[in-house]
Structures are given as C-alpha cells and as structure tokens.
Amino acid sequence: MSMRTLITGTGHFVPPRVVTNFDLEKVMNTSDEWIRQRSGIVERRHVEEGVMTSDLAYEAALRAIESARIDRSEIDFIIAATLSPDHYFPGIGVIVQAKLGLVPIGALDVRNQCSGFIYALSVADQYIRTGVYKKILLVAAEVQSTNLDYSDEGREMAVLFGDGGGAVILEPHDSTDGRGILSTHLFADGRHVPDLWLEKPSPKDKPTVTEELVKAKKFFPRMDGRNVFKNATEKMPKAVRIALEHNGLTVDDIALLIPHQANDRISQMVAHNLKIPLEKVMRNIDRYGNTTAASIPIALDEAVKEDRIKPGDIIVLTAFGSGYTWASAVLRW
Ligand code: ACO
C-alpha cells in the first residue's frame, strides 16, 4: 500500500484593518477605478504597527491545527514560506516554532515568493511519503504593507499587495481511496531576477544601508509589470497542463483551480487560456489583494469553509512569482 500526503487541516488569518482603494486615494495618486480595472482588487488588509509576519503565521497555524483536530504537540516538522520575514535572518519558521512551544522540532524556511506555498508543499510531500515526518505544519505569511513605495514611482506595486497568513497540516494517508497530493511540478528561470525583486539590502554594499541607497528607493520591491503579466499568464497554464498530463487528467476533471492571487486579470487570463469556466476558479483577490506566498493557503481555506471542495475532488494549485519561479500541484481532496 503506498502512502500519499493528505491535507488534514487548513486555516488562515488576516489582520483586521481593511484598507480600501478609496483609503489609498487619500495617501497616494491613484484611483479606485484604476486599481479595480487593472487588478480586480477592492480592498486589502494592512497590519497595525508592530505586527510581524510571524504573528500572522502563528494565528494561521493555530487555525489549521484546530481544523486538523490534532494537538499541536503532535507536529513533528515546520515549513514556513515568506518573502517578508520578521528579520533578514533567521527566517520565521523558528519564530513560529517557539511561539507554538514546539522546541526542538526542525523548522525550515522556503524562499520562493509567490510560488513559496507550492514549493514548500512539494518539500513536505517528500518528507511525508518517505515516512520521515508524520505531521507537518506548512505556514505561509506576509507583511508587505510596511515596505511599499506609496509615491507615483511605486504605486503600480503599492496598490497590489496585502498582508495575511495561511496554513495547512499535512499527514500520511493510505492512498487506496486515491486521496492526497498526486503531484507537484516546480519550475524556475533565474534570468528574470531583476524583473520582480527587492534589490537591497545586499551584502554587495558596504555598509549595506546607505543614505544614497535609501534615497534611490532601493529598499522597495520593484517589478516590470508587463513582463510579469506576460510570463504569469503563459507559465501558470503551462504548469497546469503538465500536471494534468502527468496524472492522466484533463481540464474537465478539475473541480476547483486555485491560482496564486497575483492579479484578477492574470487569473482570468489563466482561466481563459485553460478554457476552464470562471466558476471553477478560486478568486478572492478583491478582498485581500496579493498576499504572495499566503494567497493560495488563504484561498484554499476559504474554499473549504465555503464548501467549494468535497472529498474526492480534483483540486489544482498553480503559482507564478519572483525568480521567476512557477509551479503546480494536483490534489485529490
Ligand atoms: N494608480 C494610478 N495610475 C497608476 C498606478 C496606480 N496605482 N500605477 C501605475 N499607474 C500609471 C502608470 O504610471 C502609467 O502612467 P503613464 O501612462 O502616465 O506612464 C499607467 O498607469 C500605466 O497604465 P497602463 O497603460 O494600463 O499600463 P500597462 O498596460 O503597462 O499595465 C500593469 C501596467 C497594470 C501593472 C500591468 O503590467 C499588469 O497588470 N501587470 C501585472 C502585474 C501584477 O499584477 N503583478 C502581480 C504581483 S507579482 C506576482 O504576484 C506574480
């Protein structure tokens, strides 16, 4: 009997402060109409001062643990994905571990930005199927609102991103009923690093932080929006097709497609390219903006709570982001 990895619990947490497009109009030169038309975003959440990524991750983790109906002491490994860790080092995995009182289990940080959740899922899947770990907490969280350029130069990005966290619990499952993670496919093209990145701080500079670099706004994330759009809308459908073919499935078999919530125009293009009806595509970017690594587990948890997923359903995840990296995963729920 072969073992598969099953998601046995999901949870998410977003900070309570809602920031609408109209709120952004007050602090920067933008409009609700521009933001909605280009991204589908209506509002996003921003943390209160002092709240960090590990705080959101911890809250999301608690909810996933409760949903899996396990005691937190049963967790034997943690994987955390974020591009906005509390500190340059260490990552947030160890901080979440300590907050949960789970010393001394291992805690791994995955740094694959918007693809971080699927990359981390693939790592967890290998550990579970090989019997190394029995209950893995995979948590993804971001606090992005505190480091965006709200001037004209950065507004293209500042309107897109939000804060939040999502988590899942992964356990081994005897796969006679066919349930579990069927596949993960990971891709990257490191030639596109400067097309979507946070260039500084970098050890290239000594000292790492200088007034010139701050003035040049090198500590804010930047993207080549058109290039991101073009690549995201090409690469995600391709990754989904490869995954379906690998499993002998077709687009018609998909009960729900959960794309990384990068931008609703991108999600719509992905759906159009795959010829999958929009009713079968999870879209919640209107309420949360782009929460990078956290977007898929947040959307997954909402889909579960909204009863959009039932046991036996084929669920496909796909993501694209900085690196560039992109990925897909097929699950039988
Ligand atoms: N509010 C108002 N105007 C803005 C804003 C804003 N927030 N941001 C940019 N603009 C202005 C620009 O300055 C530019 O003005 P100009 O023409 O006077 O120079 C104009 O709007 C550009 O608008 P468009 O003509 O629609 O530009 P374009 O067709 O190049 O589209 C866009 C730009 C919307 C960013 C597009 O490239 C896009 O959707 N890219 C996808 C990016 C994305 O969603 N990334 C997701 C995050 S990364 C990830 O998760 C993978």
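Note that ligands are numbered from 1 as they come in the structure, with each ligand's atoms numbered from 1 the same way.
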Checklist line | Joint hydrophobic cluster, I296 plus F13, side-chain heavy atoms closer than 4.5 Å | finding: no

Item checked: SB check R241 E245 (cutoff 4.0 Å) -> no

Next item on the list: State which residues pass salt bridge (charged side-chain N to carboxylate O under 4.0 Å, His left out) with R155; sequence neighbours excluded, sorted by chain then number.
Entry: none

Next item on the list: Using atom types as modelled and distance alone, determine if a side-chain donor or acceptor of T318 lies under 3.5 Å from a backbone N or O of A327.
Entry: yes

Check: Which residue, V139, D163, V143, I95, forms the side chain to side chain contact (heavy atoms under 4.5 Å, CB included) with T53?
Finding: V143

Note to self: Do D86 and S54 pair up side chain to side chain, a donor and an acceptor below 3.5 Å, judged on atom types alone?
What the structure shows: yes

Margin query: Heavy-atom contacts with ligand 1 below 4.0 Å: which residues, ordered by chain and residue number?
Written below: N29, T30, W34, R38, C114, R155, E156, V159, L160, F161, L196, M223, G225, R226, V228, F229, H260, A262, N263, R265, I266, N290, F320, G321

